[in-house]
Amino acid sequence: MPISWNEIKDRAYAFSAEWADTTREEADAQPFLDAFFHVFNISRRKIGTFEHKVKKLDDANGYIDLLWKGVILIEMKSRGQNLNKAHQQAIDYTHGLKAHDLPKYILVCDFHEFRLFDTEEQTTQSFTIDQFAANVAHFGFIAGYVKKTYKEQDPVNIKAAELMGKLHDQLKAIGFDGHPLEVYLVRLLFCLFAEDSQIFEKQQFQDYIEQRTAIDGSDLAAKISELFQTLNTPMDKRFKNLDEQLAAFPYVNGKLFEETLPTASFDSKMRLALLECCYIDWSQISPAIFGSMFQSVMNPIERRNLGAHYTSELNILKLIKPLFLDDLWAQFEAIKRHKPKLIEFHQHLSTLKFLDPACGCGNFLIITYRELRLLELEILKQLYNKDQLLDIDTMALLNVDMMLGIEYEEFPARIAEVAMWLIDHQMNMRLSAEFGQYYARLPLRRAAQITHGDALAVDWHDVIPNTELSYILGNPPFIGAKIMTQPQRDAIVREFNQMQGAGTLDYVTGWYIKAAKYIQHTPIKAAFVSTNSIVQGEQVALLWGQMMNQYGINIHFAHRTFKWSNEAKGNAAVYCVIIGFAHIDSASKTIFEYENIKGEAHAIAAKHINAYLTDAPNVFIESRKKPLIHSQSICYGSFALDDGNYTLTEAEKDEILLENPSSSHLVKVFLGGRELLHNEKRYCLWLKDASPIDLKANRKILERIEAVQKWRNQSNRATTKKLASTPTLFAEVRQPETNFLAFPTVSSENRNYIPTSFLTKDTVASNQLYVLPNATLYHFGILTSLMHMAWVKTTCGRLESRFRYSASIVYNNYPWPENPADKHRANIETAAQAVLDARAAHPTCSLADLYDPLTMPVNLVQAHAKLDKAVDAAYTFKGTSDVERVAFLFALYQTHTNQLIQDTPIKPKRRAKSTA
């Protein structure tokens, strides 16, 4: 059992007293180091040897005074000798060591002065022997007390996962696969952590492999099976003649080693692969990070982007802090000097229960538990004096069984269980270091409850009754409606009680609606990470209409759209929101707004948070065929469906006209979103009103017509085949007969305005543009205002993070100024023309150049500011921010829709036909 810090300090004082007064010029290193390691209750003879032979760079032999492989190299010198030279000598020795033997620390000492060098952190601690007791904490690693700082992209995490992946591949290659392999690897993972984190003795597992198994690996599987059986056997039930090295392992229990597995098989390479795993210092690896990486190595595709699949700690904290952690810390700060209340608060903390119904490898549960244990540590520091004789086992009330999860795949579920034990042990070590007593929960008696099953099929009440649960949290699967499997779609439709349109909802919505049903009439609070699609476009009314209207759900906090990423190579950007909700209401609500979706959020207090994550009334914007107020409709441009035959580059256009210059009237400028924004040239054959004579006069055009007809005829779609009978026409012709206004269907979220332009009727708009025929300066002014953009940002869907405009959701529901005064209309038209004039002053610039926030010309910025002011005046809007604009527009929308309901005549019910 590791020694307590209190005893280490006592021994440190005794060691200093014994050796501080020595005046010997040539003190004996062996008794000195024996006494040094005795401070930490470590036998020097068990960890290393004196005079360890090594080859130096010059090929000469060197002799290290003491080497503890992978941990520390010690070089002793006579008192008063140059320690700088001693340090360089020690560095020279390391060149002759194998990679896995390289020490983390180098200590040089002359019996009076100590210099401890951390090879990873590149830091040095220097002090004299009379200061040894005050600095003994620097040697905590010898006794197993290690400060752990986890880095999300720390190479040690990736290296460890890759080594486990290598071992996985080798076992799978021999036919050891499926459930047995998964359990086997999870057990090995536990052993590797255990020997570096004081559950086992230091290097106990490694020593067992190296010293008790043959180099060719022939007996390794049998020896590991013996070890697993031993770890599952209480000390008093073990054979009396059990191998002493096996007998030294503790009883683990926790059912981790209970199941009998088929015996694996190893060879020399596989034995080496396992030892390479042993050579990693697992005390430096975060269970929260490693679990997902470990899962990734099992998938060859995911392994290429190793590190891209775990949820970063920063993003987990974005959810758990406003959900419960901030409130708990606030309660602690308010009562920490009132002992009775603090004891009551500690008891309350121990009764909390947390459920992650899509827990994966347990990242959310691990970080949640760690943060709660850190809070408990502060409580204990307030309640107890470090010098008191304490029973830590009765002091620490929080345990892993307060964490529950549901996971679809068995392997990550098992990893989650083990990872919870590991984080529990690490927090116990932190508690040990704080109070000077070693504390470990062995044998394992309690475990996190991770249910292996489909969260949308499992009854959550069977996992834990809703009368016992405190919080629901996690990040359910990010699977869009278009890529769901049919069973997944069926599950969503079932959760929404066969509601019309449910099949178009994303997979994550199933967790929201199931949670809403589960938390009815309880104080349970929930929060999920989701793709931002659930607060945009058509999904809002479908999901949140039920959540709020049928189940009475209230949103307590929300992170608006941000980039969900851990910055790992190959990690695809996902644009997410975090939504915290409950059946109960809350007087305090917060919206976390991101000025830059890749940056940090700033918190805004809100009176009410609606389904669009704005401080505004509950409104649900549904698909509308006609505009709410404004009578002028927009539509997509024309769609060719031509296999590219009617779309022309400049060279192709010239080739056609070279064939017959008189065909020029059949070639039109053809603009989509990209061409409009970047002034790129593209053309099309526009044959809508072409006569047969015109068509036959150009062989190149006839070839393209024939190609279109052939391609459409070969289609598997009946509608496309039908279009082969009119091969000269675009599949969907929506070209205005007059000049029109056009803007891209997709535009960057970085622009303050969606670039919009007037085009002539001779310019053909593709279906990548929205067109507004017979548009005026007034229309242009409203659509290029901050008022309209505030509506766009809130209601439209997204393509990644870019705005994806919608006629039925965004435009048709937009509340235009109702009956604006003539002067307001005139002011908008004047300001709109000024915007066009400001653009014209930069004839060589594209719209993308002009509307890039970094390069937008000053005169255009000023012109838009005047236009925004004119539009605000037409609405009689007095605010200045987007938040105020959105709240204003939602209230206006609500007024108009209520009026529409009142004005709609009620149709008389039709009488059922008589069957007589």
Side-chain angles (χ1 to χ4, degrees), residues 532 535-537 540 555 558 560-561 577 589-597 601-621 627-630 743 747-756 778-798 803 805-806 809-821 824-825 827-828 831-832 835 851 853 856 861-898:
N532 59 5
V535 293
Q536 298 165 355
V540 177
I555 297 177
R560 302 197 73 192
T561 298
V577 293
K589 297 183 175 72
T590 306
I591 296 173
F592 295 90
E593 184 70 67
Y594 292 78
E595 292 180 8
N596 178 351
I597 60 171
H602 59 272
I604 303 171
K607 295 179 181 178
H608 180 79
I609 303 176
N610 71 8
Y612 297 90
L613 310 188
T614 61
D615 189 352
N618 280 345
V619 294
F620 302 103
I621 299 169
L628 176 67
I629 299 174
H630 183 57
F743 56 90
S747 182
S748 170
E749 78 283 1
N750 295 322
R751 300 186 183 112
N752 294 323
Y753 308 92
I754 295 178
T756 305
Y778 175 73
H779 300 129
F780 173 85
I782 297 293
L783 292 176
T784 56
S785 68
L786 285 181
M787 186 67 79
H788 178 245
M789 285 305 300
W791 182 260
V792 169
K793 292 174 184 177
T794 304
T795 62
C796 84
R798 303 274 178 139
F803 300 129
Y805 202 91
S806 162
I809 295 291
V810 183
Y811 182 86
N812 288 348
N813 285 293
Y814 179 64
W816 290 65
E818 190 172 21
N819 303 318
H824 289 313
R825 183 181 286 269
N827 288 341
I828 290 173
V835 168
Y851 284 93
M856 193 172 182
V861 172
Q862 293 170 341
H864 267 288
K866 291 179 180 178
L867 175 58
D868 292 329
K869 189 174 181 180
V871 172
D872 287 350
Y875 278 101
T876 65
F877 172 71
K878 304 296 184 183
T880 57
S881 69
D882 273 0
V883 173
E884 292 171 305
R885 285 189 171 87
V886 170
F888 174 83
L889 288 171
F890 273 131
L892 195 58
Y893 172 83
Q894 197 171 40
T895 299
H896 288 308
T897 51
N898 290 342

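Between Val540 and Ala611, the shortest heavy-atom contact is CG1-CB, 3.5 Å. Tyr612 approaches Ile621 most closely through the heavy-atom pair OH-N, 2.8 Å. Closest non-hydrogen pair, Ser747 versus Pro755, comes out as OG-CD, 3.8 Å. Minimum heavy-atom separation, Ile828 to Ala874: CD1-CB, 3.8 Å. Between Phe890 and Ala616, the closest heavy-atom pair is CD1-CB, 3.6 Å. The two residues Leu783 and His788 make their nearest non-hydrogen contact at O-ND1, 3.1 Å.
Salt-bridge check for Asp615 with Lys607: failed, with every basic side-chain N at 4.0 Å or more from each acidic carboxylate O.
Distance CZ/Arg560 to CZ/Phe592: 13.5 Å, rounded to 0.5 Å. Taking CD of Glu818 as the reference point, atom CG of Leu628 lies at 9.0 Å (rounded to 0.5 Å). Once rounded to the nearest 0.5 Å, the distance linking CD1 of Ile604 with OG1 of Thr590 reads 10.0 Å. Annotation: the span from Gln894 atom CD to Leu889 atom CG amounts to 12.5 Å, rounded to 0.5 Å. Here Thr794 contributes atom OG1 and Asp882 contributes atom CG; the two are 7.5 Å apart, rounded to the nearest 0.5 Å. Atoms CE and CD1, from Met789 and Ile754 in turn, are 4.5 Å apart once rounded to the nearest 0.5 Å.
Using a distance-only test at 3.5 Å, with no hydrogens or angles considered, a donor-acceptor pair links the side chain of Thr895 to the main chain of Ala891. For Thr784 (side chain) and Ile782 (main-chain N/O), no donor-acceptor pair under 3.5 Å exists by modelled atom type. Formation of a donor-acceptor pair under 3.5 Å by the Trp791 side chain with backbone atoms of Val886 is not found in this model. The backbone N or O of Ala873 sits nowhere less than 3.5 Å from a side-chain atom of Thr876 that would complete a donor-acceptor pair.
You'll find the side chain of Asn610 stays beyond 4.5 Å of the side chain of Phe620, heavy atoms only. Between Pro817 and Phe877 the shortest side-chain heavy-atom distance does not fall below 4.5 Å.
For the residue pair Asp868 / Ser785, no side-chain donor-acceptor distance below 3.5 Å is found, with atom types taken as modelled.
Between Tyr814 and Tyr875, the ring-plane angle classifies as perpendicular under the 30° and 60° cut-offs.
Qualifying side chain to side chain donor-acceptor pair (under 3.5 Å) partners for Tyr851, counting only residues two or more places apart in sequence or in other chains: Arg839, His864.
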